[in-house]
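Notes to accompany the following structure.
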Amino acid sequence: MRWTNDAHRHLGVLPAYPFYDGPPVAPAIGSRATIGELLSDLDREGTERALVIPNYGVPDPAIAFSFNELCVEAAAKDDRISAALWVSPRAEDADRTEAALKLAGEDGVRALKLSFLLGGRASDPACEPQLDRIFATAREHDLVVHVHTSPGAASDIDEVGKLVDTYADDVKLHLVHFGGGMSGHIKLVGGRFFDWIAAGKQVYTDLSWAIGFTPRWLVDEISRRGIGHDRVLFASDQPWGDHEGELAKLAAAAGDGELADLVFRGTFDVLYGPKKGK
């Protein structure tokens, strides 16, 4: 495999936490605390460019917010790195989100990261003012909104799809994990992803965490329908993902032609490469 671009990986080390009423654990053992460690990983993997996102996962949004400036610093230090800023739809996080959005114009910032895992819901009226503010900032600075998806609850594609319906006419929206599991994959490949594209929605996705059949089925549908080839990106989700496994899975499905060039390099450059004129 030639050098690739990675549309989703994290920077920052989280504290141990007692998940699911168990003892405190730190499962993301490949977490990186420094820019130097991150760059060493990119060299070892053969990753040419990467979108770097504040690490999150423990139920304390303040920790994710605290890594924003580190990601901006990483992008300023090396142009192989583009930064995403952690933002929140929760009213309780409004001040911290506003501080994060003040960094949106910094060189190297190419995305705003939004997840409902730490609270909030796309259909909750209490989240609407923050969501409007986040998407307005993305529109102003030509940034991508990078949204976690997973089956059920507030991250289900039925919920996150409301963001596509509301905002993706004029803001690029990256649906992380392609629904994140069986129900999301079938809803998206079975029609919804392609319907959005045909309707002019600026929707993109990656296949990190995608289960067995999904990459092959998605590639077959892209070929059959003749659309979507420029809407899929490679993403490792390091350290929560597995770079080697994700690379092998998607390379096997995408092959080594035009689709692979877009998935592993070209579409990343469109979404997360340097801004025009920079």
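One-based numbering along the sequence shown.
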- [ ] Just grab all the salt bridge (Lys or Arg N to Asp or Glu O under 4.0 Å) pairs involving residues 147-158, residues at least two apart or on different chains.
- [x]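 Of all non-adjacent pairs touching residues 147-158, those that pass salt bridge (Lys or Arg N to Asp or Glu O under 4.0 Å) are Asp156-Lys187, Asp158-Lys187, Asp158-Arg192.
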Open item on the list: Test: salt bridge (Lys or Arg N to Asp or Glu O under 4.0 Å). Region: residues 108-128. Which pairs qualify, not counting sequence neighbours?
Closed with: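 Of all non-adjacent pairs touching residues 108-128, those that pass salt bridge (Lys or Arg N to Asp or Glu O under 4.0 Å) are Arg121-Glu159.
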Quick one, [X] and [Y] - any side-chain contact, counting heavy atoms below 4.5 Å?
X: Ser88; Y: Pro61; answer: no
X: Val176; Y: His146; answer: yes
X: Phe268; Y: Leu51; answer: yes
X: Val145; Y: Phe135; answer: yes
X: Pro239; Y: Asn55; answer: yes
X: Leu163; Y: Val147; answer: yes
X: Thr149; Y: Phe116; answer: no
X: Thr97; Y: Gln130; answer: yes

Give the cluster check for [X] versus [Y]: same hydrophobic cluster or not, with ILVMFWY residues linked at side-chain heavy-atom distances below 4.5 Å.
X: Met182; Y: Phe193; value: yes
X: Val164; Y: Ile157; value: yes
X: Trp240; Y: Val25; value: yes

TODO: Start with the C-alpha gap between Leu218 and Phe194, add the side-chain angles, then the distance that decides, and say whether side chain to side chain contact (heavy atoms under 4.5 Å, CB included) holds.
DONE: CA-CA 10 Å; Leu218 177 59; Phe194 296 99; 3.8 Å; yes
For [X], all residues meeting side-chain contact (heavy atoms from CB on, under 4.5 Å), sequence neighbours excluded:
X: Lys172; result: Asp142, Val144, Gln202, Tyr204, Leu271
X: Arg44; result: Asp41, Glu244
X: Glu92; result: Arg90
X: Pro129; result: none

Task: Name of the residue among Leu38, Leu247, Leu42 meeting side-chain contact (heavy atoms from CB on, under 4.5 Å) with Thr47 - done: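 When side-chain contact (heavy atoms from CB on, under 4.5 Å) is applied between Thr47 and each of Leu38, Leu247, Leu42, only Leu42 qualifies.
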According to side chain to side chain donor-acceptor pair (under 3.5 Å), who are the partners of [X], at least two apart in sequence or on a separate chain?
X: Asp43; value: Arg80
X: Arg9; value: Asp6, Glu45
X: Glu48; value: none
X: Thr205; value: none

Task: Gap between atom CG of Asn68 and atom NZ of Lys102 - 0.5 Å precision - done: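 Those atoms lie 13.5 Å apart.
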Task: Straight-line distance of Asp79 CG to Asp107 CG, nearest 0.5 Å - done: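 So the CG of Asp79 and the CG of Asp107 are separated by 11.0 Å.
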Would [X] and [Y] count as a close aromatic pair, with their ring centres under 6.0 Å?
X: Trp86; Y: Phe67; result: no
X: His185; Y: Trp209; result: no
X: His10; Y: His8; result: yes

Open item on the list: For Thr34 versus Leu11, what's the shortest heavy-atom pair and its separation?
Closed with: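 Looks like O-CD1, 3.8 Å.
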Check: residues 226-234 side-chain donor-acceptor pairs under 3.5 Å, at least two apart:
residue: Arg231; atom: NH1; partner: Lys201; partner atom: O; Å: 3.0
residue: Arg231; atom: NH1; partner: Val203; partner atom: O; Å: 3.1

Task: Trace of the side chain to side chain contact (heavy atoms under 4.5 Å, CB included) decision for Ser236 with Asp242 - done: CA-CA 6 Å; Ser236 72; Asp242 166 40; over 6 Å; no
Open item on the list: For the backbone of Arg49 and the side chain of Asn5, can you confirm whether one donor and one acceptor N or O come within less than 3.5 Å of each other?
Closed with: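 Indeed, once roles are kept as given, a pair shorter than 3.5 Å links the two residues.
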- [ ] Please report the C-alpha distance between Leu143 and Val171 in whole Å, then the side-chain angles of each, then the deciding distance to 0.1 Å, and finally whether the side chain to side chain contact (heavy atoms under 4.5 Å, CB included) criterion is met.
- [x] CA-CA 8 Å; Leu143 304 179; Val171 177; over 6 Å; no
Task: All salt bridge (Lys or Arg N to Asp or Glu O under 4.0 Å) counterparts of Glu98, not counting sequence neighbours - done: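 Testing Glu98 for salt bridge (Lys or Arg N to Asp or Glu O under 4.0 Å), a comparison that skips the adjacent residues, returns Arg133.
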Task: Plane angle bin for Phe19 and Tyr17 - parallel if under 30°, tilted between 30 and 60°, otherwise perpendicular - done: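 Taking Phe19 first and then Tyr17, their aromatic rings stand perpendicular (interplane angle over 60°).
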